[in-house]
Enquirer: 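Provided herewith is a single structure, encoded as structure tokens, for subsequent inquiry.
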Amino acid sequence: MSNTPAHTPAFAVLRNCICGVQVLHSVFGVVRAPIMTTGMQVASRVWVVWGIMVAAPAQIASRSLTVLPLGAYSMQLNLMSLLLAWSVTEIIRYSFFAFKELGMTPYPLLWLRYSTFIFLYPLGVASEMAMVWLALPHIRLSHLWSIDLPNAVNFAFDYFLFCLLAVVIYIPGFPLLYLHMLRQRQKVLGQPKSKTA
């Protein structure tokens, strides 16, 4: 990402700092979204941006598959797919909420809101995990953000192990959130009506 257009990671950083407001919206009932689910999604995005992309940009870029060389700049597959999944999801989500505030719910937007996750959510998670995978060797070798014993507060922290633990949490977390969204889709869109003779 060191040879990625400079505004791309900055945009992701800014967007993910602002997305913390989503949790507050859930807490105060501005939107009808589960606090825990929203919190987990926001936390994972903030971690991927700050704890992975900002922490090891050169290492991620040097190990990524470049798919779009543009002179001095390039776009890596993992970054393109991550930005695509996050951006399309949020454009649909916020458009849906904006129309809902106006008292309208156009069916195409409703359908997009409760259907695009079927493809975009696995793409986003796979892209997030690709970012982590690409950054892990640098995090381990550099001992990034780790605290060793002995020290004055008698506390140790290994950021590499923290990253591995986060990846392990994704394993049960992804199916739980995905199944939750499938249930929401079923509840909102319902069963297709069958014709009876």
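A quick note: this is a predicted structure, and the numbers were derived from the prediction, not measured. Residue numbers start at 1 and run along the sequence shown.
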Enquirer: State, with a plain yes or no, whether a side-chain heavy atom of Leu134 is found less than 4.5 Å away from one of Gln76.
Expert: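 The answer is no; the side chains never approach within 4.5 Å.
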Enquirer: Distance-only check: which donor-acceptor pairs under 3.5 Å involve side-chain atoms of residues 169-181, not counting sequence neighbours?
Expert:
from   : atom 1 : to     : atom 2 : distance (Å)
Tyr170 : OH     : Glu128 : OE1    : 2.5
Tyr178 : OH     : Ile118 : O      : 3.0

Enquirer: Please tabulate, for side-chain N and O atoms in residues 102-111, each donor-acceptor pair with protein atoms closer than 3.5 Å (sequence neighbours left out).
Expert:
from   : atom 1 : to     : atom 2 : distance (Å)
Trp111 : NE1    : Ser115 : OG     : 3.3

Enquirer: Following the transitive rule for hydrophobic clusters with a side-chain heavy-atom cut-off under 4.5 Å over Ile, Leu, Val, Met, Phe, Trp and Tyr, establish whether Ile147 and Leu144 coincide in one cluster.
Expert: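 Yes, same cluster.
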Enquirer: Look only at the side chain of Arg140 and the backbone of Phe160, and say whether a donor-acceptor pair between them is shorter than 3.5 Å.
Expert: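 No, the answer is negative, given that no donor and acceptor are paired below the 3.5 Å cut-off.
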Enquirer: Name the residue from Arg185, Gln186, Lys187 that meets the side chain to side chain contact (heavy atoms under 4.5 Å, CB included) definition with Leu189.
Expert: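 Answer to the side chain to side chain contact (heavy atoms under 4.5 Å, CB included) test with Leu189 among Arg185, Gln186, Lys187: Arg185.
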Enquirer: Same cluster or not: are Leu141 and Phe157 linked, directly or through other Ile, Leu, Val, Met, Phe, Trp or Tyr residues, by side-chain heavy atoms under 4.5 angstrom apart?
Expert: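 No, Leu141 and Phe157 fall in different hydrophobic clusters.
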Enquirer: Which residues satisfy the side chain to side chain donor-acceptor pair (under 3.5 Å) test with Trp133, sequence neighbours excluded?
Expert: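 So Trp133 forms no side chain to side chain donor-acceptor pair (under 3.5 Å) with any residue.
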Enquirer: Identify the two heavy atoms, one from Ser127 and one from Leu82, that lie closest to each other, and give their separation to 0.1 Å.
Expert: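 Of all heavy-atom pairs spanning Ser127 and Leu82, the closest is OG-N, 3.5 Å.
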Enquirer: For the backbone of Asn78 and the side chain of Ser81, can you confirm whether one donor and one acceptor N or O come within less than 3.5 Å of each other?
Expert: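 Indeed, once roles are kept as given, a pair shorter than 3.5 Å links the two residues.
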Enquirer: Find the distance between CG (Leu79) and CG (Leu84) and round it off to the nearest 0.5 Å.
Expert: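 Taking CG in Leu79 and CG in Leu84, the distance rounds to 11.0 Å.
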Enquirer: Can you confirm whether Ile139 sits close enough to Phe162 that some side-chain heavy atom of one is under 4.5 Å from a side-chain heavy atom of the other?
Expert: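 A side-chain contact under 4.5 Å is absent here.
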Enquirer: Answer yes or no: is there a donor N or O on one side and an acceptor on the other, between the side chain of Ser95 and the main chain of Ile91, under 3.5 Å?
Expert: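 A pair under 3.5 Å: yes.
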Enquirer: Test side-chain contact (heavy atoms from CB on, under 4.5 Å) on Leu182 and Phe117 and set out the steps.
Expert: CA-CA 9 Å; Leu182 283 173; Phe117 79 87; 3.7 Å; yes
Enquirer: Atom CG in Asp158, atom CH2 in Trp145: separation rounded to 0.5 Å?
Expert: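 Those atoms lie 13.5 Å apart.
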Enquirer: Quick check: is Leu165 connected to Leu136 through a chain of hydrophobic side chains (ILVMFWY, heavy atoms under 4.5 Å apart)?
Expert: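 No, separate clusters.
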Enquirer: Which pair of non-hydrogen atoms, one from Ser26 and one from Pro34, has the smallest distance, and what is that distance?
Expert: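 For Ser26 and Pro34, the tightest heavy-atom pair comes out as OG-C, 3.5 Å.
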Enquirer: Identify the heavy atoms of Ile60 and Met53 that sit nearest to each other, and give their distance.
Expert: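 So the two residues come closest at CD1-CA, 3.9 Å.
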Enquirer: As an exercise, state the distance from CZ of Arg93 to OG1 of Thr116, rounded to the nearest 0.5 Å.
Expert: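 Here the rounded value is 11.5 Å.
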Enquirer: Got a second to check how far Tyr94's OH is from Arg113's CZ, nearest 0.5 Å?
Expert: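 So the OH of Tyr94 and the CZ of Arg113 are separated by 9.5 Å.
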Enquirer: What about Met40 and Val168, same hydrophobic cluster or not, with Ile/Leu/Val/Met/Phe/Trp/Tyr joined at side-chain heavy-atom distances under 4.5 Å?
Expert: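 Different clusters.
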Enquirer: I need the Leu149 CG to Phe155 CZ distance, nearest 0.5 Å.
Expert: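 CZ of Phe155 is found 9.0 Å from CG of Leu149.
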Enquirer: Membership question, hydrophobic clusters at under 4.5 Å side-chain separation (ILVMFWY): are Phe28 and Val23 in the same one?
Expert: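 Yes, Val23 and Phe28 fall within the same hydrophobic cluster.
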Enquirer: Quick one: does Ser44's side chain have a donor or acceptor within less than 3.5 Å of a partner on Gln41's backbone?
Expert: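 Answer holds: yes.
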Enquirer: Could you check whether any side-chain heavy atom of Val88 comes within less than 4.5 Å of a side-chain heavy atom of Phe119, counting everything from C-beta outward?
Expert: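 No, their side chains stay 4.5 Å or more apart.
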Enquirer: Nearest 0.5 Å, please: how far is CZ in Phe96 from OH in Tyr114?
Expert: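 Result: 4.5 Å between the selected atoms.
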